[in-house]
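Quantities reported herein were computed from a predicted structural model and do not represent experimental measurements. Numbering of ligands and ligand atoms starts at 1, following listing order.
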Amino acid sequence: MSIKLGVNIDHVATLRQARGDVEPDPAGAARICRSAGADIIVAHLRRDRRHIQEADLFELRKLFKRGLHLELAAVPEMIAIGIKARPDSVCIVPESPDEVTTQGGLDFKRLDASALRKSVERLRKAGIGVSLFVDPDASSVRAAKGFGADAVEICTARYAKAAGKHLQQLELEQICLASYLAEELNLELHAGHDLDYGNVAPVAQIPHMSCLNIGFSIIARSVFTGLKAAVSEMKRLIISAR
Ligand code: PXP
């Protein structure tokens with residue numbers, strides 16, 4: 001099975017918002033990412049609009065006929081905007097106002113189940129593929145299936161941040177187990193968060209992994225190498241890991 005690279009361009013927008021100006025332009029960055037081998041462009045419209053703005057979504061949709069993926073909270077207002085922007089797929093993520101970035105997968109024990117169910121239904125009815133961002137554990141993967149998702153995106157943050165090779169290997173095993181269950185449940189399998197040039201290969205090697213969504217490490221490297229080189233190196237790493 002081939003594996004896709006989704007590049008998250010939020011941090012290009014973060015830089016633009018720092019000056020409240022028009023540069024650097026996320027849509028221009030997305031164009032370069034695609035020409036360098038990104039299969040999918042990922043953007044997270046947060047409720048606080050700290051980086052991506054609504055207008056960016058419409059601009060991106062105009063630019064690309066395929067491969068636009070949004071991250072959204074399961075909140076009616078955000079889902080309505082998502083549907084208007086007509087992405088190919090949406091990943092529903094937990095979101096809290098004071099976090100620096102998404103803190104992990106959906107907490108199925110605490111979340112508003114009715115809001116999540118309605119969000120999944122509305123998106124699917126609009127013909128938009130739905131993934132749920134989940135921690136690498138069996139109950140979360142099963143819950144995602146129960147909510148009617150087409151895919152799970154497994155959170156790789158704990159793996160990426162694990163201190164030392166032994167702990168990292170244990171975290172990788174959790175991701176592998178969750179991945180096998182996703183496959184058994186017929187869920188498309190994605191992964192992402194904190195993946196970088198040094199830790200991506202073992203995750204790319206997981207059978208049935210169909211897409212890795214990566215943002216920060218690529219945009220950070222692009223400051224030194226340019227965006228084209230940063231994206232094509234990541235693409236090379238994930239393809240050659242197979
Ligand atoms: N996947 C999801 C669901 C995310 O929320 C994020 C961060 O926006 C990413 C992937 C990308 O994470 P990173 O920027 O750490 O590569």
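A salt bridge links E233 with R236: at least one charged nitrogen is closer than 4.0 Å to a carboxylate oxygen. Using a 4.0 Å cut-off between charged nitrogen and carboxylate oxygen, D196 and R221 do not count as a salt-bridge pair.
Side-chain N or O atoms of Y159 include one that pairs as donor or acceptor with a backbone N or O of N199 at under 3.5 Å.
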Output block, N or O contacts of ligand 1, threshold 3.5 Å exclusive:
residue, atom, partner, partner atom, Å
ligand 1, 1 (N), E71, OE2, 3.4
ligand 1, 1 (N), E153, OE2, 2.5
ligand 1, 5 (O), E71, OE1, 3.2
ligand 1, 5 (O), T102, OG1, 2.9
ligand 1, 8 (O), N8, ND2, 3.4
ligand 1, 8 (O), E71, OE1, 3.2
ligand 1, 14 (O), F216, N, 2.9
ligand 1, 15 (O), D194, N, 2.8
ligand 1, 16 (O), G215, N, 2.8
ligand 1, 16 (O), F216, N, 3.4

Give the intermediate values and the outcome of side chain to side chain contact (heavy atoms under 4.5 Å, CB included) for residues M209 and R242. CA-CA 10 Å; M209 186 59 71; R242 282 298 168 106; 3.5 Å; yes

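Side-chain contact between L111 and P94: absent, with no pair of heavy atoms (C-beta onward) separated by less than 4.5 Å.
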Enumerate donor-acceptor pairs with a distance under 3.5 Å from any side-chain N or O in residues 48-65 to protein atoms, sequence neighbours excluded.
residue, atom, partner, partner atom, Å
D48, OD1, R50, N, 3.0
D48, OD2, R50, NE, 3.0
D48, OD2, R50, NH2, 3.2
R49, NH1, R46, O, 3.1
R49, NH1, R47, O, 3.2
R49, NH2, E54, OE2, 3.0
R50, NH1, E99, O, 2.9
R50, NH1, V100, O, 2.9
R50, NH2, P97, O, 3.4
R50, NH2, E99, O, 2.8
H51, ND1, H44, O, 3.4
Q53, NE2, R49, O, 2.8
Q53, NE2, H51, O, 3.1
D56, OD1, R16, NH1, 2.9
D56, OD2, R16, NH2, 2.7
D56, OD2, Q53, N, 2.8
R61, NE, F64, O, 3.3
R61, NH1, R86, O, 2.6
R61, NH1, D88, OD2, 3.3
R61, NH2, F64, O, 2.8
R61, NH2, K65, O, 3.1
R61, NH2, D88, OD2, 3.2

